[in-house]
Amino acid sequence: MFGNNTTHSTEIIYTNHAIQRIAQRHISLEAVELTRKYGTETIDDGARKVIIDLDACSFAEEDGVNLFPFFFTTIVVSMDNVLKTAYLKNI
């Protein structure tokens, strides 16, 4: 499962550009992977946008996972599972 609203493949491809961006934004690979696994997904401009929101936190809590330290982490993944970017959504 890719995010908590879909049944897409679970593996994503990390490009060098994406790794550089998540490092610049101080987002851990753990945050990206947890967002991928538990995040709430929407389709936006032909890509999947996945975010750790309250729904994702509730979903993960069922597995005993606390996502609140990663709240508002957002990843954008192309339809062919390439990580385009990751960022923290501004409130």
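Heavy-atom basis, side chains included; hydrogens, waters and symmetry copies ignored.
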All side-chain contact (heavy atoms from CB on, under 4.5 Å) counterparts of Ile13, not counting sequence neighbours | Val82

Applying side chain to side chain contact (heavy atoms under 4.5 Å, CB included) between Ile52 and each of Thr74, Ile75, Leu67, Leu88, report the one that passes.
-> Leu67

Can I get a per-line list of side-chain donor-acceptor pairs under 3.5 Å for residues 21-28, giving both atom names and the distance, sequence neighbours left out?
{"residue": "Arg21", "atom": "NH1", "partner": "Gln24", "partner atom": "OE1", "Å": "2.6"}
{"residue": "Arg25", "atom": "NH1", "partner": "Thr85", "partner atom": "OG1", "Å": "2.7"}
{"residue": "Arg25", "atom": "NH1", "partner": "Ala86", "partner atom": "O", "Å": "2.9"}
{"residue": "Ser28", "atom": "OG", "partner": "Ala31", "partner atom": "N", "Å": "2.9"}

Residues two or more places apart in sequence or in another chain: which of them pass salt bridge (Lys or Arg N to Asp or Glu O under 4.0 Å) with Asp44?
-> Lys49

The reported gap from CG in Asp45 to OG in Ser78 (rounded to nearest 0.5 angstrom) is 13.0 Å

Side-chain contact, heavy-atom cut-off 4.5 Å: Leu54 with Phe71?
-> yes

Contacts of Asn66 meeting side chain to side chain donor-acceptor pair (under 3.5 Å) (sequence neighbours excluded), chain-then-number -> none

Any side-chain heavy-atom pair from Val76 and Arg48 closer than 4.5 angstrom?
-> no

Minimum heavy-atom distance between Ile51 and Ala56, given as atom pair plus value | O-CB, 3.9 Å

Check: Asp55/Thr40 side-chain N/O donor and acceptor closer than 3.5 Å | no

Counterpart residues, side chain to side chain donor-acceptor pair (under 3.5 Å), relative to Asn16 (two or more places apart) = none

With sequence neighbours excluded, tell me which residues meet side chain to side chain donor-acceptor pair (under 3.5 Å) with Tyr14.
-> Glu33

Determine yes or no for a side-chain-to-main-chain donor-acceptor pair under 3.5 angstrom, with Asp63 supplying the side chain and Val65 the backbone.
-> no

One should read off an interatomic distance between Ile12 CD1 and Asp80 CG, to the nearest 0.5 angstrom, of 12.0 Å

Worked verdict on Val50 versus Arg36 for side chain to side chain contact (heavy atoms under 4.5 Å, CB included) = CA-CA 7 Å; Val50 189; Arg36 176 202 55 80; over 6 Å; no

